[in-house]
Amino acid sequence: MAVTTDLVATWARPRQVLRQLLARGQSEPFALSLLLVFLILAFIGQWPGAARAAFLAGEPSAWPRILPTAYGLLAAIPFLYGLAALGHLAARAMGGQGSWYGARVALFWALACVGPLILLQGLVAGMIGPGPALNAVRLIVGLAFLWLWATLLHEAERG
């Protein structure tokens, strides 16, 4: 299936989609590509808010605001690998039988699946700005990610 089809299907059948992804066999380039999908979507999602802030500050370009975001997202790669490892260790402590690779795919796929919500968050940040609407969207994105990651990690650790 296409990544976009899998992404939509994950919201209805997350366990089944993760089983399909893991059935492909272990492939670190595939796992990294899922993480890169999220990082690209997260980077694009930051543009509207940076553009709004630059406009309100009277700056001619948003690039000085968006470039540090790109570096920050790249710097987050080792952190996200570490987070996947911590998730695997926590699951193992609770009786999980999965692999390190399965934990990485579960986290990276959960991040990729919330990517479109990150884009929505960016639109709200750019069009409406700080306030209750942006806080509500951030809360929804955070809760959606936590639910999805917990569900996918549980499935990955079933062994």
Side-chain angles (χ1 to χ4, degrees), residues 1-51 62 65-92 94 96-127 133-159:
M1 293 179 94
V3 172
T4 53
T5 306
D6 284 346
L7 194 143
V8 172
T10 298
W11 291 102
R13 303 177 317 277
R15 294 175 189 275
Q16 179 184 352
V17 173
L18 183 70
R19 282 193 301 268
Q20 291 171 352
L21 293 176
L22 292 176
R24 297 172 52 135
Q26 186 167 338
S27 170
E28 285 303 325
F30 174 71
L32 181 61
S33 70
L34 296 177
L35 179 58
L36 292 177
V37 165
F38 164 72
L39 293 174
I40 290 167
L41 291 175
F43 178 63
I44 293 169
Q46 299 304 307
W47 287 0
R65 292 177 181 270
I66 199 68
L67 195 57
T69 301
Y71 291 136
L73 287 169
L74 289 175
I77 291 174
F79 169 78
L80 292 170
Y81 271 89
L83 184 61
L86 287 175
H88 176 65
L89 290 173
R92 174 76 44 106
M94 293 185 274
Q97 302 293 317
S99 66
W100 296 97
Y101 176 75
R104 282 192 300 278
V105 170
L107 174 62
F108 299 166
W109 184 243
L111 287 168
C113 287
V114 298
L117 295 176
I118 298 287
L119 295 175
L120 172 65
Q121 179 180 316
L123 285 176
V124 172
M127 300 298 257
L134 183 57
N135 290 338
V137 172
R138 285 180 177 160
L139 179 64
I140 290 168
V141 170
L143 291 175
F145 165 71
L146 289 175
W147 169 78
L148 198 55
W149 183 33
T151 302
L152 294 175
L153 185 60
H154 182 265
E155 184 62 29
E157 292 294 333
R158 288 182 60 196

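Not measured: the values here are computed from a predicted model. Positions are given from 1, in the same order as the sequence printed here.
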**Request:** Walk me through it: do Y81 and F108 pass the test ring pair (Phe, Tyr, Trp, His ring centres under 6.0 Å)?
**Result:** CA-CA 9 Å; Y81 271 89; F108 299 166; 5.0 Å; yes
**Request:** Just do the side-chain contact (heavy atoms from CB on, under 4.5 Å) check on L34 and L107 with the steps written out, would you?
**Result:** CA-CA 9 Å; L34 296 177; L107 174 62; over 6 Å; no
**Asked** Could you walk me through whether I118 and L41 pass the side-chain contact (heavy atoms from CB on, under 4.5 Å) check?
**Response** CA-CA 7 Å; I118 298 287; L41 291 175; 5.6 Å; no
**Full working for side-chain contact (heavy atoms from CB on, under 4.5 Å) between L117 and F145** = CA-CA 10 Å; L117 295 176; F145 165 71; over 6 Å; no
**Request:** Applying side-chain contact (heavy atoms from CB on, under 4.5 Å), run through W149 and V114 and close with a yes or a no.
**Result:** CA-CA 10 Å; W149 183 33; V114 298; over 6 Å; no
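To the nearest 0.5 Å, atom OG of residue S27 and atom CG of residue L32 are 9.5 Å apart. Interatomic distance, T151 OG1 to L18 CG, rounded to the nearest 0.5 Å: 10.5 Å. The CD1 atom of I66 sits 12.5 Å away from the OH atom of Y71 when rounded to the nearest 0.5 Å. Annotation: the span from L86 atom CG to R92 atom CZ amounts to 14.0 Å, rounded to 0.5 Å. The structure places CG of L153 at 11.0 Å from CG of L148, a figure rounded to the nearest 0.5 Å. Distance check: L36 CG to L111 CG gives 11.5 Å after rounding to the nearest 0.5 Å.
Using a 4.0 Å cut-off between charged nitrogen and carboxylate oxygen, R19 and E155 count as a salt-bridge pair.
For the pair A106 and A156, the tightest heavy-atom approach, listed with the atom from each and the gap, is CB-CB, 4.2 Å. Considering all non-hydrogen atoms of both residues, T69 and Q46 come closest at CG2-CG, 3.6 Å. Here the shortest heavy-atom pairing between H88 and A103 reads CB-CB, 3.5 Å. Closest of all the heavy-atom pairs between G122 and P48 is O-CB, 3.2 Å. Pairing each heavy atom of L119 with each of G45, the nearest pair is CD2-N, 3.7 Å.
Residue pairs meeting the salt bridge (Lys or Arg N to Asp or Glu O under 4.0 Å) criterion with at least one partner in residues 97-113, sequence neighbours excluded, are E28-R104.
In this structure, the side chains of W109 and P14 stay at 4.5 Å or more apart for every pair of heavy atoms. Contact check for L89 versus W100: side-chain heavy atoms found under the 4.5 Å cut-off.
Of the possible donor and acceptor atoms, none in the side chain of Q97 sits under 3.5 Å from a partner among the backbone N and O of E157.
Side chains of H154 and R158: a donor-acceptor N/O pair is absent below 3.5 angstrom, by distance only.
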